[in-house]
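What you see is a predicted model; the values in this text were computed from it and never measured.
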Amino acid sequence: MTPTATPFTHTSANGLTITGRRNTPYTPAAAAQVPLVIAVHGGTYTSEYFDIPGYSLLERAASLGVPVIAVDRPGYLGSTHVEPGESIILANAEALDRVIGELWQQHGDGHAGVFLIGHSIGGAVVTAVAARETAWPLLGIAVSGCLLQVPDGPRLAFDALPDILMIDLPGPMKDSVMFGPAWTHDTAMPELSHSSGTSVPRAELIDINNGWIGRVRSVNAQVKVPVHARQGEFDALWITDAGQAADYAASFTAAPVVDGRLVRNAGHCVDFHHAGAALQLSQLAFALECSVAKQDAA
């Protein structure tokens, strides 16, 4: 089987190139009640993370008439690198803010607004975008694989990475932290996910495990749109329990609605576990609710 979406390339007015993939809704729903969804992948994955056959967010959304554009973040595949500056996560957010505005102008005609879905580092980027004053209509966000604290082991290990631009994480090491116990996912996983894997900017691994931890609460507190947050019960990259999930949700103090909790029987990449279908349908339902709320308020 092959991924279900169509590759695309977008060059921003400032010369930034972003690659990715987009779906084609089978039966487009009433555009005014449907968002344009932008999906943002995490570290070590590409936009194909959202389009693995049998686990595809783009495919599920297409069946519901919801358009989704999954972008390759700066530095991934054909997307232009950005200078990390103080924080590569914030630099990603600044770059994608402009790109999403242009995608909205090109593909958003008649839709209720933009809804962002982000996983892991992509979830941090999505949150940072939502904390900005966007010039395009943001309806809400859904994040997974993001909390408030990381274990000392991974943090210290990432600090010790060689000082090179891109890092290739060994496959067995990566799978051990991205997936829960064997009984939480199909036997085809993790191997089926490997086609979406790639190298990761070293600056991202340093930032998410150090700088981001110091600023996540202040960034979350600036988000003023509805928030959907999910965290796999067996996520090895964060200090993960029900209390941490609740504390993370509570940090969105300015959001009008926050729906946050743990996902039982899943690891970091919830999408690739038995719980993945329920996660994606929940995210899409939340996005549709945000669209309807926007129209009802108009």
Salt bridge check, [Y] against [X]: does any charged N sit closer than 4.0 Å to a carboxylate O?
{"X": "E94", "Y": "R132", "answer": "no"}
{"X": "R261", "Y": "E233", "answer": "no"}
{"X": "D247", "Y": "R217", "answer": "yes"}

Would [X] and [Y] count as having a side-chain donor-acceptor pair, cut-off 3.5 Å?
{"X": "D235", "Y": "T240", "result": "no"}
{"X": "H273", "Y": "D186", "result": "no"}
{"X": "S144", "Y": "Q231", "result": "no"}

Student check: side-chain heavy atoms of V177 and H268 closer than 4.5 Å: no
Side chain T46, main chain D72, donor-acceptor under 3.5 Å: no
Suppose we call two aromatic rings close when their centres sit under 6.0 Å apart. Are [X] and [Y] close by that rule?
{"X": "Y45", "Y": "Y76", "value": "no"}
{"X": "H41", "Y": "F50", "value": "no"}
{"X": "H185", "Y": "F179", "value": "yes"}

S79 versus T19, closest heavy-atom pair with distance: OG-N, 3.0 Å
Residue of the set I100, L116, V223, D97 for which side-chain contact (heavy atoms from CB on, under 4.5 Å) holds with L138: L116
Residue of the set N209, N210, I239 for which side-chain contact (heavy atoms from CB on, under 4.5 Å) holds with V150: N209
Using atom types as modelled, flag every donor-acceptor pair under 3.5 Å from a side chain in residues 278-287 to any protein atom, sequence neighbours excluded.
| from | atom 1 | to | atom 2 | distance (Å) |
| --- | --- | --- | --- | --- |
| Q280 | OE1 | R60 | NE | 2.5 |
| Q280 | NE2 | Y55 | O | 3.0 |
| Q280 | NE2 | D271 | OD2 | 3.0 |
| S282 | OG | H228 | NE2 | 2.8 |

Plane angle bin for F234 and W183 - parallel if under 30°, tilted between 30 and 60°, otherwise perpendicular: perpendicular
Under the salt bridge (charged side-chain N to carboxylate O under 4.0 Å, His left out) test, residues paired with D259 that sit two or more places apart: R230
Salt bridge (charged side-chain N to carboxylate O under 4.0 Å, His left out) partners for E102, two or more places apart: R98
